[in-house]
Amino acid sequence: MEPDNDPDRREETSTAKHCRVDESAFARVPRAPEIPIYAVMIACSKDPSPVKLNLGMGVYRTEDGKPLLLNVVRKAEELLFSDKSANKEYLPITGLTEFRELSAKLIFGADSPAITENRVTTVQCLSGTGSLRIGADFLAKYYYQSTVYLPEPTYGNHPNFFIAAGLCLRTYRYYDPVTKGLDFQGILEDLASAPLGAVVLLHACAHNPTGVDPTVEQWEEIRQIIRSRGLLPFFDCAYQGFVSGNLEDDAQAVRKFVADGGECLVVQSYSKNMGLYGERVGALSVVCKTADVVTRIESQLKLLIRPMYSNPPIHGAAIAAAILKDRNLFNEWKLEVETMTKRLTCMREQLFDALHEKGTPGDWTHILKHVGLFTFSGLKEEQIAFMTREFHVYMSSDGRINMAGLSANTVPHLANAIHAAVTQIQ
């Protein structure tokens, strides 16, 4: 009997094996589990309580709990609106040229050898998330090592980028739950035993979710271990400026690794420090040892981007470029970043003082020591569930608190919730 080579017939036969004529072709698609942080936010939005407190999603909020549109962003948009030569044509695959060049200078420094020697290529991507995914795909296709080390814990979406690219994940110790600080010895030991050439994901500053960063001296020891083992550093920089309030200071860890002449990947996001969340503004930079490699890498990044989204959106990148290239706007932006950072510090101090005054059991000094948008409270999952049920406080089940979700008015409510949780739920 002759084989049936009719493609339409084969398709009918295949479909018949998997679904009935009267059911959806997608009837057997399983329901995916809820994404935890989004599930928390949905639950919060449905809670009618007037005292509910949203400390989950990692976004900056004003003192009255509202999203912040930076004044400098408003001014940049006004400039763009008044520019009669502007258009909405497609950008190149690699993005807005001004934005790419200025982003590289922001993270590496205008006088960085990587820039002056043409050893870096920067492509505009879809915020930090898209940049991480492009970087992961690039490594999967062109880097000889398939092992990626992530800090334990790390941003919840980090594993997904590398798993989707087909890379192998391992973790290195980072956070010490006993001291609620850095497990520095654990970092050194785990990186020293990593296979030669493995990729190491590093948070450039304001570690998410813990709020724990290495010191300058510790970063230097980490750099030495990474370079001695031939490991490849992959920096995620989502919060530049949110630790010290100074954009230059918060870039020092990355600059240490660039100054030694070695290679690295760096992802930048402008969601937090410019408040451009919905504009999806980000960049991926690859720093190379020699300039001749750069053009080849850029050519391959284009081929990765082309079938994914072809080219990035223009408006958010144009806003960022307008701020970065204008001295007055740039200085105003630095002041707004500093103001946001000071408010985060103020919230830490107020929460610590409130817990101290209530005599809440435990040592809460880690709240003051942590940096950036988050603090790792040390609360147990059962205690957090209790706080949600009894006090309408919504936060990640791992105990991460978004400090920007607090205000002078809501700190007492959170302190009451924490006090009740730790005294009633052991």
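- Taking the six-membered ring for Trp and the full ring otherwise, Tyr143 and Phe234 have centroids separated by 6.0 Å or more.
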Checklist entry - For Val393 and His413, what are the C-alpha separation, side-chain angles and deciding distance, and is it a side chain to side chain contact (heavy atoms under 4.5 Å, CB included)? => result CA-CA 9 Å; Val393 173; His413 180 65; 4.0 Å; yes
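- Taking all atoms of both residues into account, the shortest heavy-atom contact from Leu324 to Ser103 is CD1-N, 4.3 Å.
- A salt bridge links Glu338 to Lys342: at least one charged side-chain nitrogen sits closer than 4.0 Å to a carboxylate oxygen.
- For the pair Leu96 and Ala321, the tightest heavy-atom approach, listed with the atom from each and the gap, is CD2-CB, 4.1 Å.
- You'll find the side chain of Ile107 reaches within 4.5 Å of the side chain of Cys237, heavy atoms only.
- When side chains are defined from C-beta on, Ile222 counts as touching Phe184, because their heavy atoms get closer than 4.5 Å.
- For the residue pair Ser127/Tyr277, the side-chain donor-acceptor check at 3.5 Å is not satisfied.
- Residues Ser112 and Val258 approach most closely at OG-CG1, 3.7 Å, considering heavy atoms.
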Item to check | Residue pair Leu276, Ser271: steps toward the side chain to side chain contact (heavy atoms under 4.5 Å, CB included) verdict | outcome: CA-CA 4 Å; Leu276 297 175; Ser271 291; 5.8 Å; no
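- In this structure, Glu381 places its CD atom where only 12 or fewer heavy-atom neighbours from other residues, nucleotides or ligands lie under 6.0 Å away.
- Distance alone, capped at 3.5 Å, is enough to place a donor-acceptor pair between the Gln124 side chain and the Pro313 backbone.
- Heavy atoms only, all atoms of each residue included: Thr341 and Gly241 are closest at OG1-O, 2.9 Å.
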Checklist entry - Checking side chain to side chain contact (heavy atoms under 4.5 Å, CB included) for the pair Cys288/Ile297: CA distance, chi angles, key distance, verdict? => result CA-CA 9 Å; Cys288 307; Ile297 288 177; 3.3 Å; yes
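- Under a 3.5 Å cut-off, the side chain of Glu63 and the backbone N or O of Ala408 do form a donor-acceptor pair.
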Next on the checklist: Using side chain to side chain contact (heavy atoms under 4.5 Å, CB included), reason through Met403 and Leu373 one step at a time and then give a plain yes or no.
Outcome noted: CA-CA 6 Å; Met403 299 306 297; Leu373 198 63; over 6 Å; no
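- For Thr375 (side chain) and Val371 (main-chain N/O), no donor-acceptor pair under 3.5 Å exists by modelled atom type.
- Between atom NZ of residue Lys369 and atom CG of residue Asp213 there is a gap of 14.5 Å, rounded to the nearest 0.5 Å.
- Remark: the Thr210 side chain and the His207 side chain contain an N/O donor-acceptor pair separated by less than 3.5 Å.
- One finds the OG atom of Ser244 at 3.5 Å from the CG atom of Asp250 (value rounded to the nearest 0.5 Å).
- Side chain of Glu220 to main chain of Val216: no donor-acceptor pair is present (N/O by atom type, distance under 3.5 Å, no hydrogens or angles).
- Side-chain atoms of Thr410 do not come within 3.5 Å of backbone N or O of Leu406 as any donor-acceptor pair.
- Ion pairing of Arg173 with Glu152 is absent here, as no side-chain N (NZ or NE/NH1/NH2) approaches a carboxylate O to less than 4.0 Å.
- Within a 6.0 Å sphere centred on CG of Leu335, heavy atoms belonging to other residues, nucleotides or ligands number more than 12.
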Item to check | Verdict with supporting geometry, Asn409 and Ser407, side chain to side chain donor-acceptor pair (under 3.5 Å) | outcome: CA-CA 5 Å; Asn409 293 329; Ser407 68; 4.8 Å; no
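- Judged as a side-chain hydrogen bond (donor to acceptor under 3.5 Å, both in side chains), not a single pair has a partner in residues 192-202 (not counting sequence neighbours).
- Checking Val200, Leu265, Val287, Ile226 one by one against Pro233, the side-chain contact (heavy atoms from CB on, under 4.5 Å) holds for a single residue, Ile226.
- Rounding to the nearest 0.5 Å places CG of Leu182 at 8.0 Å from OG1 of Thr215.
- Ring geometry for Tyr142 against Phe138 counts as tilted: the plane angle lies between 30° and 60°, on a 0 to 90° scale.
- For the pair Tyr270/Ile319, no side-chain contact is recorded, criterion being any heavy-atom separation below 4.5 Å from C-beta on.
- Put simply, the side chain of Gln145 gets close to the backbone of Leu196: a donor and an acceptor are under 3.5 Å apart.
- Side chains of Phe330 and Leu106 form a contact here, defined as non-hydrogen atoms less than 4.5 Å apart.
- Side-chain contact between Met395 and Met387 is present, with heavy atoms from C-beta onward closer than 4.5 Å.
- No hydrogens or angles considered: a donor-acceptor pair under 3.5 Å links the side chains of Tyr394 and Asp47.
- Of the possible polar contacts, one joining the Thr62 side chain to the Lys66 backbone as a donor-acceptor pair under 3.5 Å is found.
- A side-chain donor-acceptor contact under 3.5 Å links Arg343 to the backbone of Ala404.
- Taking a 6.0 Å sphere around CZ of Arg327, one finds it holds 12 or fewer heavy atoms contributed by other residues, nucleotides or ligands.
- Counting heavy atoms from C-beta on, the side chains of Lys289 and Arg119 never come closer than 4.5 Å.
- At most 12 non-hydrogen atoms from other residues, nucleotides or ligands lie less than 6.0 angstrom from OH of Tyr90.
- Between Pro214 and Trp219 the shortest side-chain heavy-atom distance falls below 4.5 Å.
- The distance from atom CH2 of Trp333 to atom CG of Leu247, rounded to the nearest 0.5 Å, is 4.5 Å.
- The shortest non-hydrogen separation linking Tyr175 to Asp183 is C-CB, 4.1 Å.
- For Ser131 against Cys125, the heavy-atom pair with the smallest separation is OG-CB, 3.2 Å.
- Asn160 and Asn157 share a donor-acceptor pair across their side chains, judged by distance under 3.5 Å alone.
- Within the 3.5 Å criterion, the main-chain N or O of Phe257 finds a donor-acceptor partner in the side chain of Arg227.
- Put simply, CG on Asn246 and NZ on Lys334 are 7.5 Å apart, with the number rounded to the nearest 0.5 Å.
- Defined by atom type and a distance below 3.5 Å, a donor-acceptor pair is present between the side-chain atoms of Thr94 and Arg100.
- With 3.5 Å as the limit, one finds a donor-acceptor pair spanning the side chains of Thr154 and His203.
- The line from CZ of Phe352 to CH2 of Trp364 is 11.0 Å long, rounded to the nearest 0.5 Å.
- For the side chain to side chain contact (heavy atoms under 4.5 Å, CB included) test, residues two or more places apart in sequence or in another chain that qualify with Arg61 are Val59, Pro67.
- Taking a cutoff of 4.0 Å between a charged side-chain nitrogen and a carboxylate oxygen, Arg28 and Glu23 qualify as a salt bridge.
- Side-chain atoms of Arg400 come within 3.5 Å of backbone N or O of Gly56 as a donor-acceptor pair.
- Ring orientation note: the planes of Phe242 and Tyr239 are tilted relative to one another, at an angle of 30° to 60°.
- Annotation: side chain of Leu414 is not in contact with side chain of Phe391 (no heavy-atom distance under 4.5 Å).
- For NZ of Lys52, the number of neighbouring non-hydrogen atoms (other residues, nucleotides, ligands) closer than 6.0 Å is greater than 12.
- The one candidate from Gln224, Arg223, Arg255 that meets the side-chain hydrogen bond (donor to acceptor under 3.5 Å, both in side chains) condition with Asp260 is Arg223.
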